[in-house]
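Every chain is numbered from 1 and lettered A, B, ... according to where its sequence line falls, protein lines coming before strand lines.
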Number of protein chains: 2
Amino acid sequence: MSITPATPAARPASEPATAAPPAASVAASAAGTPAPGAAFSPLYRQIKGLIVQSLDRGEWKPGEAIPSELDLASRFKVSQGTVRKAIDELAAENLLLRRQGKGTFVATHHEDRVRFRFLRMTPDDGEPVQSDSRFLECRRMRAPSEVARTLDLRGGDSVVQIRRVLSFDSVPAVIEEIFLPGAQFRGLTAERLAEYTGPMYGLFETEFGVRMIRADEKIRAVAAADSDAALLKVAAGAPLLQIERVSFTYEDRPVEMRRGLYLTTHYHYRNSLS
Amino acid sequence: MSITPATPAARPASEPATAAPPAASVAASAAGTPAPGAAFSPLYRQIKGLIVQSLDRGEWKPGEAIPSELDLASRFKVSQGTVRKAIDELAAENLLLRRQGKGTFVATHHEDRVRFRFLRMTPDDGEPVQSDSRFLECRRMRAPSEVARTLDLRGGDSVVQIRRVLSFDSVPAVIEEIFLPGAQFRGLTAERLAEYTGPMYGLFETEFGVRMIRADEKIRAVAAADSDAALLKVAAGAPLLQIERVSFTYEDRPVEMRRGLYLTTHYHYRNSLS
DNA sequence: AAGTGGTCTAGACCACGAT
DNA sequence: TCGTGGTCTAGACCACTTT
């Protein structure tokens with residue numbers, strides 16, 4: 001990234017009167033003479049990076065509007081079209097949300113549309129049901145090696161371990177174990193979790209400034225262990241859907257590791273391939 | 001769709017000398033005066049529809065290049081930018097594939113990149129392994145009511161039923177049952193299937209002109225029935241991943257219904273949420 | 001009426017691949 | 001060298017929302 005927030009477009013102060021705009025050459029010079037093997041980065045992608053940086057450092061909060069395209073264009077000293085293309089990509093990645101006539105907004109987990117992208121369990125018949133969660137555990141511990149590895153922590157770093165049971169219509173259907181980096185979730189307690197109503201990622205976002213953007217999942221069918229079977233009120237050995245999820249925030253930094261066991265007799269995991 | 005293939009851009013033959021191009025008004029007039037409640041459809045989306053029609057009727061075959069942006073622009077009597085935006089969306093939906101310097105190509109299941117979007121089973125360690133399939137059945141029958149419903153067929157229409165076992169490293173790991181509309185798959189026999197090497201969707205595409213674009217899946221954990229357990233060489237009741245898939249071709253027409261049972265002791269289903 | 005994002009055009013130039 | 005897609009700009013106008 002050769003364009004810095006301080007001097008957004010480090011370009012030669014060319015005369016604006018120039019008939020043929022040296023557009024692409026500006027991008028090339030801004031990106032510096034590309035070293036052999038260095039990837040060419042178009043202007044709009046650099047602008048995109050700057051916007052992500054601003055999102056990351058919380059310059060605009062989830063739910064808020066970001067500056068208009070023309071504002072950003074003048075701030076970065078590029079044309080509106082270039083800003084537009086940067087925002088287009090960010091909107092396609094669901095980091096931003098465009099609303100014609102109103103502005104462009106930072107996506108938030110407090111909206112259903114965002115929430116259902118990360119909540120894939122659906123009742124076989126009928127509409128989504130409100131889930132209610134009972135917390136079994138919420139404690140701090142040194143990160144187990146596997147957790148440290150996937151969350152990119154050092155061996156001795158602390159993590160928060162959460163265990164909970166989710167029920168649909170008062171029927172227990174999900175067991176979840178969650179690991180979060182302790183440093184980013186100071187003050188997270190069982191009470192905070194219990195008293196909060198709404199999506200968990202919403203809590204992370206508003207209370208701890210950590211926004212989940214993307215997640216990778218590994219899905220398997222497993223037999224219920226005795227303890228899990230008891231919590232879900234099924235026979236030991238009953239088939240359960242196991243989902244291991246690693247969630248990422250801006251710039252692909254991992255911030256959550258989650259293992260869920262799902263009873264799928266009346267619910268299924270929906271997915272779309274394309 | 002008010003622009004027809006015959007008269008692509010049914011616009012008033014305005015003088016090209018006009019300084020201020022009546023671009024947007026053209027789109028509006030092309031779309032007709034929108035009835036109250038009728039959605040406004042921008043020009044590039046109408047162009048996109050025309051391109052999809054051409055793809056659908058096989059004007060350009062999978063793997064082939066479509067005409068250049070300038071060619072399409074002059075064919076449709078719009079600017080290159082408008083064609084570009086239409087193609088951008090089609091590329092984002094994986095119907096087309098852009099290659100700088102070479103052209104824009106119709107996506108094909110004979111490419112790995114496309115194939116792995118529909119093949120989500122991955123070994124826990126190591127790289128993807130070639131699967132080999134044994135066909136248990138391939139016969140024609142009247143569509144069962146559930147199949148007829150999801151494939152949008154009439155009650156008495158014929159379907160092809162295929163049953164097969166997939167093995168990784170000679171270890172049986174998947175049982176699949178597939179239903180296809182008989183009318184679109186005339187001449188599909190067990191022999192044709194057995195002698196064909198490569199992805200099944202590739203066969204559908206080149207032999208029957210049916211291109212899979214998108215699929216919806218419902219995923220569950222189930223206990224292995226006796227017959228399935230025997231095929232997979234596991235104990236009855238063993239947990240299996242069950243995936244029900246409905247695949248769609250152009251214009252969202254359903255063309256395949258598939259039910260798979262997966263042994264996930266050494267493999268998992270990978271997914272990315274965003 | 002003013003401000004925002006959305007569409008459309010036209011033209012210049014760059015990066016890439018084939019010739 | 002040429003043709004392809006890719007980037008960038010500038011300007012006009014449309015659609016939607018709020019004032």
Below 4.0 angstrom from OP1 or OP2 of [N], is there any side-chain N or O of [X]?
| X | N | result |
| --- | --- | --- |
| B:Arg98 | D:dT4 | no |
| A:Thr104 | C:dG5 | yes |
| B:Arg99 | C:dC16 | no |
| A:Lys102 | D:dT18 | yes |
| A:Lys85 | D:dT7 | yes |
| B:Arg84 | D:dG6 | yes |
| A:Ser79 | D:dC8 | no |

Atom pair distance, as rounded to whole Å: [atom1] in [X] and [atom2] in [N]:
| X | N | atom1 | atom2 | answer |
| --- | --- | --- | --- | --- |
| A:Gln80 | D:dA10 | CD | C1' | 10 Å |
| B:Tyr44 | C:dG5 | OH | P | 16 Å |
| A:Asp88 | C:dT4 | CG | C1' | 15 Å |
| A:Leu72 | C:dG3 | CG | P | 17 Å |
| A:Phe105 | C:dG5 | CZ | C1' | 11 Å |
| A:Glu69 | C:dG6 | CD | C1' | 9 Å |
| B:Leu70 | D:dG6 | CG | P | 13 Å |
| B:Phe40 | D:dC13 | CZ | P | 16 Å |

*asked:* Using the rule side chain to side chain donor-acceptor pair (under 3.5 Å), only one of A:Lys61, A:Arg113, A:Glu64, A:Glu205 pairs with A:Thr108; which is it?
replied: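 Of all the options given, the one that passes is A:Glu205.
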
*Go through D:dT7, D:dT9, C:dC16 for me and flag the one nearest to the B:Gln100 side chain.*
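The listed nucleotide nearest to B:Gln100's side chain is C:dC16.
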
*A:Arg258/A:Glu256 salt bridge by N-O under 4.0 Å criterion*: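 A salt bridge is present here (some side-chain N lies under 4.0 Å from a carboxylate O).
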
*asked:* I'd like to know if A:Lys85 pairs up with B:Asp88 as an ion pair, taking the criterion as any Lys NZ or Arg NE/NH1/NH2 lying under 4.0 Å from an Asp or Glu carboxylate oxygen.
replied: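 Result for this pair is no, no salt bridge flagged.
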
*Short side-chain to backbone donor-acceptor contact, B:Asn271 and A:Glu217, under 3.5 Å*: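 The answer is no, because no donor-acceptor pair under 3.5 Å joins these two groups.
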
_Donor-acceptor under 3.5 Å (B:Thr122 side chain, B:Arg120 main chain)_ =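 Looks like yes, one N/O pair under 3.5 Å.
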
